[in-house]
Amino acid sequence: MGTSSPYSPPSSADWSVLKGDLTRLTKNPSNSNLQSKVISQFVEAIGGTSGFSSSNKIGGKGGSFSSVSARKTAQNIANFFSSVQSNGLQHTLDSTNLSNLKNKNIDDIKEELVDYFSEPAINGDSISARKAAEKTLDEMLENIETIEDMEKSLNSIELEDFLCTFFANYLNALFYRTFEEEYNNKDNVNPHDAARILKHIEQDITERVKSCQIDKDLSKIDWKNQEGQNIIQEILKDSLELLKG
């Protein structure tokens with residue numbers, strides 16, 4: 001994952017403590033307690049579990065962060081996924097004005113699905129959501145070569161797993177975007193050490209969020225209305241709570 005433009009997190013006292021702990025982590029990468037602390041601090045800095053998962057824009061202790069694009073992307077994914085499992089892929093493509101995908105190769109199909117799921121990449125939220133949608137499709141549809149195989153895979157995957165994986169990838173992309181430039185601009189941080197720490201944090205976030213449990217029958221959710229929005233918000237909130245520890 002990379003950034004599309006230079007970006008640095010805010011410079012308030014809260015963010016300064018977090019950035020200081022990140023720098024210390026590069027000097028002691030085996031400190032799992034410090035790594036957990038950094039991840040928890042990040043959740044608080046972007047607005048906290050309730051704030052970041054529910055509001056469009058949060059003045060999160062020195063920064064303004066939003067999850068609206070990620071939640072809309074997740075809702076679009078859930079609606080498409082649910083339709084495929086209920087009505088079949090061909091019907092879903094027709095009903096979503098994506099019938100042109102039927103004769104395209106899998107890479108082109110995945111690329112257009114990312115466009116369909118995601119908003120334009122204009123800020124940290126939408127950029128991270130788009131990257132997460134792309135990565136999740138690649139992970140879930142690995143080694144798929146035909147549209148028929150794609151339908152079989154989508155029917156065999158639990159929507160719960162897909163959404164938890166999406167939010168794990170989203171939170172990783174958001175963290176990475178926030179701190180990659182910060183590390184690159186520090187003279188006292190070795191870039192190899194920084195890359196190793198970011199990789200460790202990515203693995204930690206992924207393992208935690210992918211363990212999320214959704215105590216609802218997702219096949220009965222109307223993803224287009226407020227019910228769908230509420231479920232997506234709940235999944236993101238639960239994901240953030242797993243990171244808080």
Side-chain angles (χ1 to χ4, degrees), residues 1 9 14-15 17-19 21-22 24-26 28-55 58 60-61 63 65-67 69-71 73-75 77-78 81 124-125 127-140 142 157-180 182-183 193-216 218 230-245:
M1 290 178 285
D14 295 287
W15 280 99
V17 171
L18 173 53
K19 290 188 287 185
D21 282 342
L22 268 168
R24 282 188 285 278
L25 194 55
T26 63
N28 188 10
S30 62
N31 190 331
S32 58
N33 289 332
L34 182 57
Q35 179 170 302
S36 294
K37 180 183 176 184
V38 162
I39 294 172
S40 179
Q41 287 173 328
F42 179 70
V43 173
E44 285 302 308
I46 60 178
T49 57
S50 296
F52 185 66
S53 63
S54 62
S55 297
I58 294 296
K61 297 186 178 181
F65 285 82
S66 168
S67 65
S69 289
R71 287 183 281 122
T73 300
Q75 195 172 354
I77 289 171
F81 194 108
D125 176 27
I127 290 169
S128 298
R130 188 178 186 85
K131 286 180 180 295
E134 181 178 3
K135 184 174 182 181
T136 305
L137 278 175
D138 283 341
E139 291 175 347
M140 293 297 186
E142 188 178 10
I157 297 169
E158 294 289 339
L159 178 54
E160 175 182 30
D161 294 338
F162 204 106
L163 291 174
C164 291
T165 299
F166 167 78
F167 277 122
N169 288 333
Y170 166 70
L171 292 167
N172 269 316
L174 189 65
F175 189 98
Y176 199 102
R177 174 175 168 78
T178 305
F179 289 106
E180 183 188 37
E182 172 69 18
Y183 269 156
D193 293 338
R196 180 174 56 173
I197 291 302
L198 288 171
K199 188 65 177 177
H200 287 172
I201 289 175
E202 177 185 0
Q203 292 169 345
D204 195 351
I205 289 175
T206 298
E207 288 176 4
R208 295 191 198 193
V209 176
K210 280 188 175 181
S211 69
C212 73
Q213 300 289 321
I214 303 170
D215 189 24
K216 286 183 175 62
L218 299 186
N230 291 342
I231 293 296
I232 293 299
Q233 178 181 322
E234 183 180 329
I235 296 170
L236 176 55
K237 181 180 178 181
D238 289 347
S239 299
L240 293 166
E241 288 175 347
L242 287 169
L243 297 187
K244 283 276 292 179

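The basis for the numbers below is simple: all heavy atoms, side chains too, and nothing from hydrogens, waters or symmetry mates. Numbering of residues begins at 1 and proceeds along the displayed sequence. Please read these numbers as outputs of a predicted model, since none were measured by experiment.
For S211 (side chain) and R208 (main-chain N/O), a donor-acceptor pair under 3.5 Å exists by modelled atom type. Counting only distance, with no hydrogens or angles, the side chain of S67 and the backbone of F52 share a donor-acceptor pair below 3.5 Å. In terms of modelled atom types and a separation under 3.5 Å, the side chain of S128 and the main chain of G124 share a donor-acceptor contact. Under the 3.5 Å distance criterion, the side-chain polar atoms of D21 are left unmatched by any main-chain donor or acceptor of V38.
For I232 against R71, the heavy-atom pair with the smallest separation is CG2-O, 3.6 Å. Taking both residues in full, the closest heavy atoms of F167 and S239 are given as CB-OG, 4.0 Å, listed atom of the first, atom of the second, then distance.
Remark: Q41 CD to K19 NZ distance equals 12.5 Å, nearest 0.5 Å. How far OG1 of T136 is from CG of D161: 11.5 Å, rounded to the nearest 0.5 Å. Separating the CD atom in E160 from the CD1 atom in I214 is a distance of 4.5 Å, to the nearest 0.5 Å. A distance of 14.0 Å separates CG in N169 from OH in Y176, rounded to the nearest 0.5 Å. For the atom pair CD of E158 and CG of L163, the computed distance is 11.0 Å after rounding to the nearest 0.5 Å. With rounding to the nearest 0.5 angstrom, the NZ atom of K210 is 10.0 Å from the SG atom of C164.
For N28, the CG atom counts as densely surrounded, since its 6.0 Å shell holds more than 12 non-hydrogen atoms of other residues, nucleotides or ligands.
With L171 as the partner, the side-chain contact (heavy atoms from CB on, under 4.5 Å) test is satisfied by one option alone out of V43, L240, L242: L240.
Under the 30°/60° scheme for interplanar angles, the aromatic rings of Y170 and F166 are found to lie parallel.
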Original post:
So R196 and D193, salt bridge (charged side-chain N to carboxylate O under 4.0 Å, His left out) or not? Walk me through it.
Top reply: CA-CA 5 Å; R196 180 174 56 173; D193 293 338; 3.4 Å; yes

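Residues satisfying the side-chain contact (heavy atoms from CB on, under 4.5 Å) criterion with Q35, sequence neighbours excluded, are L25, I39, H200, I201, D204.
No salt bridge links E241 with K244; every basic N to acidic carboxylate O contact stays at or beyond 4.0 Å.
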